Amino acid sequence: MLLDNLPFTKITTLPLEDMGHKNKGVQVHILRLDLTHEIISGNKWFKLMYNIKQALEDDHHTLLTFGGAYSNHISAVAEACKQAGLNSIGVIRGEPTEPLNPTLMQALECGMELHYIPRSEYRERKNESFIEGLHHRFGDFYHVPEGGSNALGVTGAKEIASLIDRDYDYICCACGTGGTLAGIISAGPPCREIIGFPVL
Ligand SMILES: *Cc1c(COP(=O)(O)O)cnc(C)c1O
């Protein structure tokens, strides 16, 4: 199962090759979260693990989530659900394009049902009445918000901090929905500052 085979031993911090910081008196390390899994890569694994567990405990058969056409979260959910024996529905922002890009192709191959909605409708994704409408359409499902950044997602992301094996001055994190950063901050790792870089 998803939760049992996390390759924790492989995930360590490694010094980065020179990225212009050589001879400047700084050291830069990277936490190789990408080594979790080929598709359920990095922070996505952490944000999904407790959600998948909860969906199974609550006897849901289907998980529904949201994302853009190039969302790593969408492909991660598709693969994680396949592994966990759950059906998956991806509500995708915008129009379908042919041929499918590699992200959506991979999701489809995992058995995810892709459901495209216009951008105007996608903006409603956090409204309860909109989710209610999706229940009318698709029946029962466990809802994971965009990016997997709900409370259980942040709880999972908190565990990322335990893999940071030394005290750094700065911890830097790329931010989309901000769930990963929230998790790391809530763990309170020893460092002077935690800096988030919005990448959207
Ligand atoms: C998804 C993703 C992010 C953003 O994570 P959030 O928790 O949504 O902020 C950052 N970096 C990479 C490589 C990602 O795949």
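As a basis for the values below, the full set of heavy atoms in this structure was taken, side chains included, without hydrogen atoms, waters or symmetry mates. Keep in mind the model is a prediction, meaning the values are calculated, not measured. Position 1 is the first residue of the sequence, and the numbers go up from there.
- Taken to the nearest 0.5 Å, the CG atom of N87 stands 11.5 Å off from the CG atom of L64.
- Here the CD1-CG distance, from I195 to L181, works out to 10.5 Å after rounding to the nearest 0.5 Å.
- One N or O on the side chain of H21 and one on the backbone of M19 form a donor-acceptor pair closer than 3.5 Å.
- The distance from atom OH of Y168 to atom OG1 of T13, rounded to the nearest 0.5 Å, is 3.5 Å.
- For the side-chain contact (heavy atoms from CB on, under 4.5 Å) with V77, the lone residue among L48, I40, L86 that qualifies is L48.
- Side-chain N or O atoms of N101 include one that pairs as donor or acceptor with a backbone N or O of T103 at under 3.5 Å.
- Of the possible polar contacts, none joining the S149 side chain to the G178 backbone as a donor-acceptor pair under 3.5 Å is found.
- Counting only distance, with no hydrogens or angles, the side chain of K47 and the backbone of T180 share no donor-acceptor pair below 3.5 Å.
- Using modelled atom types, no side-chain atom of H37 and backbone atom of S41 make a donor-acceptor pair closer than 3.5 Å.
- Between H60 and F141, the distance separating the two ring centers is not shorter than 6.0 angstrom.
- In this structure, CG in D34 is found 11.5 Å from CG in N72, a value given to the nearest 0.5 Å.
- For H143 and F66, the ring centers sit closer than 6.0 Å to each other.
- Taking CD from E17 and CD1 from I30, the interatomic distance works out to 11.5 Å, rounded to the nearest 0.5 Å.
- Residues M112 and L134 do not share a hydrophobic cluster, defined by chaining ILVMFWY side chains whose heavy atoms lie under 4.5 Å apart.
- Sequence neighbours left out, not one pair with a member in residues 172-200 passes ring pair (Phe, Tyr, Trp, His ring centres under 6.0 Å).
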| task | Starting from the C-alpha separation in whole Å, work towards a yes-or-no answer on side chain to side chain contact (heavy atoms under 4.5 Å, CB included) for I164 and I171. | result | CA-CA 9 Å; I164 302 171; I171 295 174; 3.9 Å; yes

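- Distance CG/L14 to NE2/H29: 8.5 Å, rounded to 0.5 Å.
- Exactly one of T155, T65, N150 qualifies for a side-chain hydrogen bond (donor to acceptor under 3.5 Å, both in side chains) with N51. That residue is N150.
- With hydrogens and angles ignored, the 3.5 Å screen pairs a side-chain donor or acceptor of Y122 with a backbone N or O of G67.
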